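To start, the structure under review is shown below, and the notes come after it.
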Amino acid sequence: MWAAADRKALPVTNETHLSGGEQISRSKIDTTVPQTARVWNYWLGGKDNYAVDRALGDEIAKAYPIIVDIARADRAVLNRAVRYLAGEAHVRQFLDVGTGLPTANNTHEVAQAVAPESRIVYVDYDPLVLVHARALLTSGPEGATDYIDADIRDTEKILREAARTLDLAKPVAVILSGILAHLPTVEEARSVVRRIMAALPSGSYLVVVDGTNTNQELNDVMRIWNESANPPYAMRSPEEIASYFEGLELVEPGLVDVTRWRPDPTPGDPPRPLHNLVGVARKP
């Protein structure tokens with residue numbers, strides 16, 4: 001994980017820039033209400049969180065200890081998906097919406113390790129994410145990264161500003177990890193997916209990672225979350241999550257638990273399901 005000293009030492013290259021050159025004040029960062037990106041950062045072992053985030057993170061982890069496993073498994077499966085896309089699928093452009101706070105093995109690092117010329121655009125609207133994305137989400141010299149400060153629902157802005165770095169006439173892999181459940185209804189989530197994917201050419205990909213409502217214990221934990229933190233998280237059925245992929249071709253093994261999607265070989269029994277699903281699908 002990134003240490004404070006590492007953050008100060010990292011340069012900001014010419015390839016990394018903020019949307020419109022925005023500046024952000026720490027006064028815009030609300031440290032009184034837990035925020036998704038900061039709590040997730042805490043569960044992943046990061047340092048970019050506050051006391052309120054750690055308190056809620058500890059409360060949830062005490063009630064449902066496997067939540068830390070979910071956080072790490074979600075990050076691991078995202079890394080495997082990006083490796084697949086940059087490698088076997090030969091994708092060179094990535095649009096990562098709902099970036100979260102930078103930790104280790106961010107999308108550009110994984111993609112550029114496979115294909116150094118990969119170009120990545122990150123999207124988030126959390127002010128703390130904005131601060132650290134500016135310093136940490138830097139590209140290698142052969143590729144590029146950019147950061148857009150935008151709400152996922154503002155798809156026109158996202159696509160317009162992503163076009164500064166990505167060629168939207170060529171395939172793009174869209175990553176929506178843990179973000180669609182923050183939209184209040186499945187209809188709105190479907191609409192966002194449709195609008196983004198409709199603007200991209202054949203050969204583009206969609207990656208979705210989200211939790212399901214199939215485990216009552218996890219549902220109870222999300223109730224604690226929704227009473228205490230921002231933004232709320234709407235647990236959905238596997239059928240509702242599957243509907244995000246309508247009109248797309250799911251890559252094997254399909255829409256499955258995050259522990260079951262092309263796992264890296266490990267000794268011993270396979271890990272138990274975590275009630276979080278992942279799907280990778282191609283636009284025909």
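Just the heavy atoms: all of them, side chains too, but no hydrogens, waters or symmetry mates, feed the values below. Worth saying up front: this structure is predicted, and the values here are computed from it rather than measured.
Open room surrounds CD on Glu156; 12 or fewer heavy atoms of other groups in view lie less than 6.0 Å from it.
In this structure Arg83 satisfies the side chain to side chain donor-acceptor pair (under 3.5 Å) test together with Asp264, sequence neighbours excluded. Remark: Asn213 pairs with no residue by the side chain to side chain donor-acceptor pair (under 3.5 Å) rule, at least two apart or across chains. In this view, Tyr233 and Ala181, His182, Asp210, Met222, Trp225, Asn226, Met235 satisfy the side chain to side chain contact (heavy atoms under 4.5 Å, CB included) rule, not counting sequence neighbours. Take Asp58 and apply the side chain to side chain contact (heavy atoms under 4.5 Å, CB included) test, not counting sequence neighbours, and it matches Tyr42. Scanning for salt bridge (Lys or Arg N to Asp or Glu O under 4.0 Å) contacts around Arg160 gives an empty result, with sequence neighbours left out. Among residues two or more places apart in sequence or in another chain, the salt bridge (Lys or Arg N to Asp or Glu O under 4.0 Å) test is passed with Asp220 by none. For Glu187, the side chain to side chain contact (heavy atoms under 4.5 Å, CB included) partners two or more places apart in sequence, or in a different chain, are Thr185, Arg190. The side chain to side chain donor-acceptor pair (under 3.5 Å) test applied to Thr212 returns Thr214, not counting sequence neighbours. By the salt bridge (Lys or Arg N to Asp or Glu O under 4.0 Å) test, Glu88 pairs with Arg262, sequence neighbours left out. Applying the side chain to side chain donor-acceptor pair (under 3.5 Å) test to Asn219 and every residue at least two apart in sequence or in another chain returns nothing. Remark: Glu117 engages Arg92 in a salt bridge (Lys or Arg N to Asp or Glu O under 4.0 Å) (not counting sequence neighbours).
In this structure the side chain of Ser139 reaches within 4.5 angstrom of the side chain of Gln112, judged on heavy atoms. Residues Val39 and Asn49 fail the side-chain proximity criterion, which asks for heavy atoms closer than 4.5 Å. Side-chain contact between Leu206 and Leu176: present, with at least one pair of heavy atoms (C-beta onward) separated by less than 4.5 Å. The shortest distance between side-chain heavy atoms of Ser118 and His108 does not fall below 4.5 Å. When side chains are defined from C-beta on, Val82 counts as touching Ile175, because their heavy atoms get closer than 4.5 Å. Contact of the Val209 side chain with the Trp261 side chain is not registered, since no non-hydrogen atoms from C-beta on lie closer than 4.5 Å. Val192 places a side-chain heavy atom less than 4.5 Å from the side chain of Thr155. Inter-residue side-chain proximity for Ile158 and Leu95 is flagged as met; some heavy-atom pair is nearer than 4.5 Å.
Contact detail for Arg80 and Pro263: the closest heavy-atom pair is NE-CA, 3.7 Å. Closest heavy-atom contact between Val77 and Val278: CG2-CG1, 3.8 Å. Taking all atoms of both residues into account, the shortest heavy-atom contact from Val97 to Ile179 is O-CG2, 3.7 Å. What you find for Tyr147 and Tyr125 is that their closest heavy atoms are OH-N, 4.1 Å. The shortest non-hydrogen separation linking Pro271 to Thr259 is CG-CB, 3.8 Å. Of all heavy-atom pairs between Pro284 and Gly247, the closest is CD-O, 3.3 Å.
Rounded to the nearest 0.5 Å, atoms CZ (Phe94) and OG1 (Thr145) are 13.5 Å apart. To the nearest 0.5 angstrom, Arg272 atom CZ is 8.5 Å from His275 atom NE2. Remark: Asp154 CG to Ile148 CD1 distance equals 10.0 Å, nearest 0.5 Å. Here CZ of Arg195 is found 10.0 Å from CZ of Arg153. Values are rounded to the nearest 0.5 Å. Note that CD of Glu188 is 5.0 Å distant from CG of Leu183, once rounded to the nearest 0.5 Å. Interatomic distance, CG of Leu277 versus CG of Leu255, reported as 4.5 Å (0.5 Å rounding).
Cluster annotation: Val193 and Val186 are assigned to the same hydrophobic cluster (Ile/Leu/Val/Met/Phe/Trp/Tyr, side-chain heavy-atom contacts under 4.5 Å, transitive). Residue Leu248 is grouped with residue Ile241 when hydrophobic side chains (ILVMFWY) are merged at heavy-atom distances under 4.5 angstrom, including chains of intermediate members.
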Identify every side-chain donor-acceptor pair in residues 65-74 under 3.5 Å, counting partners at least two apart or on other chains, and give the distances.
from  : atom 1 : to     : atom 2 : distance (Å)
Asp74 : OD1    : Asn276 : ND2    : 3.2
Asp74 : OD2    : Asn276 : ND2    : 2.9

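Checked by atom type and distance alone, the side chain of Arg164 never pairs as donor or acceptor with a backbone atom of Asp146 at under 3.5 Å.
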